[in-house]
Amino acid sequence: MAYMPLDKSKFYLDDSKMTKIYDLSAPWGVDTPLWPFPGARQDLVFPRGQYLGRFHKRTMTYTGTLHAGTHMDAPNHVLHEEEVDREANGYNLSEIHLERCIGTGVIVDMRYLRDEFEEKWNAAGGDPAKMGDIWHEIKPAELEAACAKDGLEIRENDWVVINTGFHHYWRQNNDKYYNYYPGEGPDLANYLCFEKHIKGISGTWGATDAPLWHDPLSEQMPWLDKAYRKATGKDPTVEFPDYEPCHRIYMQHGVCTVENAGGDIDEVTGKRMIIAAFPFRCEMADGGFVRLVAWEPGSF
């Protein structure tokens with residue numbers, strides 16, 4: 001096979017003349033943090049795979065969960081088939097309607113929640129006994145106030161992306177990222193589904209549900225169960241008596257859910273954009289990687 005020397009004089013593509021695409025995806029690789037289930041878990045493994053030295057050709061292989069980095073969940077991740085109208089909303093990843101994976105939307109500025117968290121965390125010195133209720137569940141009124149601050153309105157068939165600022169902990173402090181992110185509960189999911197009629201939701205959080213909505217917490221995240229009891233004196237089973245209700249509310253009604261937003265999100269926060277996140281067409285998958293992106297309306 002002949003060597004192909006680089007001739008830059010033949011380059012013709014100029015990105016500066018193209019529409020700017022903002023990448024709202026988190027970078028990931030072998031050190032990508034994963035949801036902290038108790039017990040042994042499969043790491044993400046990227047062996048070299050196949051390398052054909054004769055042609056200088058590489059083929060990479062991957063072993064690990066499809067729920068890594070910025071990814072979309074499918075209904076079969078949390079719902080029985082009988083709980084889903086498969087024809088209307090799909091069930092596995094390949095059946096998610098592509099029309100729902102792209103559209104208008106808003107990137108909502110709630111980064112003050114990270115500032116509030118840091119203030120409480122630093123005051124407590126990271127000691128749960130001194131934290132008080134440091135966990136935050138976003139309520140509809142808060143979301144609307146954040147939208148109003150930047151003159152945004154959530155419209156029917158919009159995507160909603162919430163920037164809590166917690167993406168700055170991604171691969172920097174995974175304990176804070178997964179155990180303390182401000183997130184959703186059923187109040188917000190029901191509001192966005194049945195009052196605002198959105199078609200897509202994402203945020204700078206470890207899961208579509210807030211950390212404490214993983215009942216029974218003593219089994220799912222026992223370290224968090226202990227920290228919450230120590231910090232608040234409350235029983236999480238009483239305060240958060242369901243397992244991932246937001247996942248099930250959204251996906252039963254065909255709303256796309258994308259976890260672990262980040263990347264360039266700060267550059268477009270507080271704006272109305274076109275938002276897209278297309279999953280790959282895998283019939284076996286209960287979720288999978290997406291490139292969550294945004295661009296200015298009318299720029300194409």
Specify whether Tyr181 and Tyr177 have parallel, tilted or perpendicular ring planes, treating 30° as the upper limit for parallel and 60° as the lower limit for perpendicular. tilted
So, Glu244 versus His77: side-chain donor-acceptor pair below 3.5 Å or not? no
Return the CH2 to OH distance between Trp295 and Tyr22, rounded to the nearest 0.5 Å. 13.0 Å
side-chain contact (heavy atoms from CB on, under 4.5 Å) test vs Leu212 passes for just one of Asp225, Asn179, Leu217, namely Leu217
Counting the benzene-type ring for Trp, do His214 and Trp35 have ring centres under 6.0 Å apart? yes
Pairwise distance CG(Asp215) to CE(Met221) - rounded to 0.5 angstrom: 12.5 Å
Answer yes if the ring centres of Trp135 and Tyr180 are under 6.0 angstrom apart, and no otherwise. yes
Going by the angle between their ring planes, with limits at 30° and 60°, are Phe289 and Tyr62 parallel, tilted or perpendicular? perpendicular
Of all pairs that satisfy side-chain hydrogen bond (donor to acceptor under 3.5 Å, both in side chains), the ones with a partner from residues 246-255, not counting sequence neighbours: Asp73-His247, Glu184-Tyr250, Asp209-His247, Asp242-Arg248, His247-Glu259
Can you check whether Asp266 reaches His167 side chain to side chain, under 4.5 Å on heavy atoms? yes
Between Phe166 and Phe117, does the ring centre distance come in under 6.0 Å? yes
Do we see a donor-acceptor contact under 3.5 Å between the side chains of Asp85 and Asn89? no
Looking only at non-hydrogen atoms, find the nearest pair between Pro75 and Val84 and report the distance. CB-CG2, 4.2 Å
Below 4.0 angstrom, N of the basic side chain to O of the carboxylate: do Asp31 and Arg171 qualify? yes
Would a single hydrophobic cluster contain both Ile275 and Val108, if residues Ile, Leu, Val, Met, Phe, Trp and Tyr are joined by side-chain heavy-atom contacts under 4.5 Å? no
Please report the closest heavy-atom contact between Thr204 and Ala261, naming both atoms and the distance. CG2-O, 3.5 Å
Can you see which heavy atom on Ile154 is nearest to which on Leu143, and at what distance? CD1-CD2, 3.8 Å
Taking the six-membered ring for Trp, are Tyr178 and Trp170 parallel (under 30°), tilted (30 to 60°) or perpendicular (over 60°)? tilted
Ignoring hydrogens and angles, state whether a donor on the side chain of Thr70 or Asn260 is under 3.5 Å from an acceptor on the partner side chain. no
Nearest 0.5 Å, what's the CD1-CD1 distance between Ile249 and Ile201? 12.0 Å
Hey, mind stepping through Lys199 and Glu99 against salt bridge (Lys or Arg N to Asp or Glu O under 4.0 Å) and telling me if it holds? CA-CA 9 Å; Lys199 68 176 179 182; Glu99 293 81 4; over 6 Å; no
